[in-house]
> 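Would you mind keeping the following structure in view while I ask a few things?
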Number of protein chains: 2
Amino acid sequence: MMNIGKAAAASGVSAKMIRYYESIGLLPAARRTDSGYRFYTDEDVHVLRFIRRARDLGFAVADIGELLALWRDQGRASADVKRIALGHVAALERKIAELQGMVDTLRMLAAHCHGDARPDCPILTDLDAGGGR
Amino acid sequence: MMNIGKAAAASGVSAKMIRYYESIGLLPAARRTDSGYRFYTDEDVHVLRFIRRARDLGFAVADIGELLALWRDQGRASADVKRIALGHVAALERKIAELQGMVDTLRMLAAHCHGDARPDCPILTDLDAGGGR
DNA sequence: GTTGACCTTCCAATGTTGGCAAGGTTTACA
DNA sequence: TGTAAACCTTGCCAACATTGGAAGGTCAAC
């Protein structure tokens with residue numbers, strides 16, 4: 001039995017975000033004291049840490065909802081969990097490839113830029129010309 | 001002399017975004033016809049393509065403002081441009097490393113998950129335990 | 001009993017893009 | 001000339017996750 005500040009400190013999820021997750025339905029409405037304060041159990045903190053960890057792994061809130069449902073379902077098939085995880089891996093890798101493409105282009109352009117007081121710069125020239133696309 | 005739709009098609013920046021860039025001050029207010037329509041010149045389209053290319057390279061709008069100022073400044077030092085570009089590369093690489101860390105963790109967890117009809121799954125177990133952190 | 005630390009709800013902003021609505025303008029065609 | 005389609009205008013809402021603040025109620029310690 002603890003209030004939202006304690007639960008936040010114990011789980012690593014801010015009080016602000018706990019209320020937000022409740023508002024969007026990721027978490028069930030917390031029980032309240034007579035005066036209206038939310039209160040949480042150790043079990044609730046456990047769930048919050050699950051969410052925190054999943055966020056750290058880059059899962060979107062919608063994905064976490066699915067994972068939470070599977071987590072709670074003792075009869076789940078591990079294939080369902082694996083599918084979500086690998087789908088997320090694929091999305092992450094697409095993003096990485098996209099960013100890496102940007103890095104490669106910029107590094108190439110920067111390599112040809114004097115980087116001194118002279119004004120001519122292939123980086124600007126490329127932006128100017130649209131990169132030949 | 002063309003209206004916003006033409007400028008959008010010619011530059012690859014949507015009319016919506018052109019208005020947005022104007023609203024946040026990245027672009028100066030466009031000239032208007034008597035009836036209030038914005039109109040653009042080939043030079044304006046040139047600027048829009050510059051912006052489009054920079055966005056494709058992942059520069060934030062704030063960065064693009066700086067790049068645009070340098071682009072317009074005939075006396076700029078190429079070092080200034082290179083600094084911005086390499087700063088952006090560093091930020092991109094930090095992001096890539098972060099995503100790659102997620103991928104590595106998830107791949108490792110998924111590798112130990114049967115992925116069949118059985119319920120036990122190390123992915124959920126890890127989320128549960130907080131990954132040992 | 002007062003002070004400070006906590007809690008509550010509501011509103012706003014971040015950054016970039018898309019969508020929709022209601023209304024005015026221009027263009028093309030019959 | 002009339003009209004319909006295609007364009008333009010502004011403004012508001014939506015997304016994503018998170019943070020901040022304001023105004024006000026509650027709890028604990030001293």
> side-chain hydrogen bond (donor to acceptor under 3.5 Å, both in side chains) for B/T125 and B/D128? Distances and angles first, verdict last.
CA-CA 5 Å; B/T125 307; B/D128 203 351; over 6 Å; no

> Between D/dT9, C/dT25, D/dC7, which one does the side chain of B/S35 approach most closely?
C/dT25

> Which residues in residues 63-72 of chain B have at least one heavy atom lying under 4.0 Å from any atom of DNA chain C?
none

> How do B/A60 and B/T33 order along DNA chain C: which one's closest nucleotide is nearer the 5' end?
B/A60

> Please determine if a side-chain N or O atom of A/R38 lies less than 4.0 Å away from the OP1 or OP2 oxygen of C/dC6.
no

> Looking at B/G12, is its backbone amide N or carbonyl O close enough to the side chain of B/R52 to form a donor-acceptor pair, meaning the two atoms are under 3.5 Å apart?
yes

> For A/P119 and B/G75, work out which heavy atoms get closest and say how close.
CB-C, 4.4 Å

> At less than 4.0 Å, is any side-chain N or O atom of B/R32 found next to OP1 or OP2 of D/dT10? Yes or no.
yes

> What is the distance from NE2 of A/H88 to P of D/dC16, rounded to the nearest Å?
15 Å

> Quick check against the 3.5 Å criterion: does A/D104 have a side-chain atom that pairs as donor or acceptor with the backbone of A/G101?
no

> In residues 16-27 of chain B, which residues come under 4.0 Å of DNA chain D by heavy atom?
B/K16, B/R19

> Look at the side chain of A/S14 and decide which nucleotide, out of D/dT26, D/dT19, C/dT25, has an atom nearest to it.
D/dT19

> Which label fits A/W71 and A/F50: parallel for a plane angle under 30°, tilted from 30 to 60°, or perpendicular past 60°?
parallel

> From the set C/dT16, D/dT18, D/dC8, return the single nucleotide nearest to any side-chain atom of B/N3.
D/dC8

> Of B/D34 and B/V61, whose nearest nucleotide on DNA chain C comes first from the 5' end?
B/V61

> Any sub-3.5 Å donor-acceptor pair from A/H88's side-chain atoms to A/L57's backbone N or O?
yes

> So what does A/A15 touch, heavy atoms closer than 4.0 Å: a base, only the sugar-phosphate, or nothing?
nothing

> Any idea which of D/dT9, D/dC27, D/dT18 is nearest the B/I4 side chain?
D/dT9

> Roughly how many Å is it from CZ in A/F39 to C1' in D/dT26, rounded to a whole number?
16 Å

> Nearest heavy-atom pair of A/A85 and B/I123: which atoms, and what distance?
CB-CD1, 3.7 Å

> Starting from P on C/dC7, measure out to CE on A/M2 and report it in whole angstrom.
12 Å

> Name the one of B/L86, B/D80, B/I84 that satisfies side-chain contact (heavy atoms from CB on, under 4.5 Å) with B/K82?
B/L86

> Are the side chain of B/S11 and the backbone N or O of B/R49 linked by a donor-acceptor pair below 3.5 Å?
no

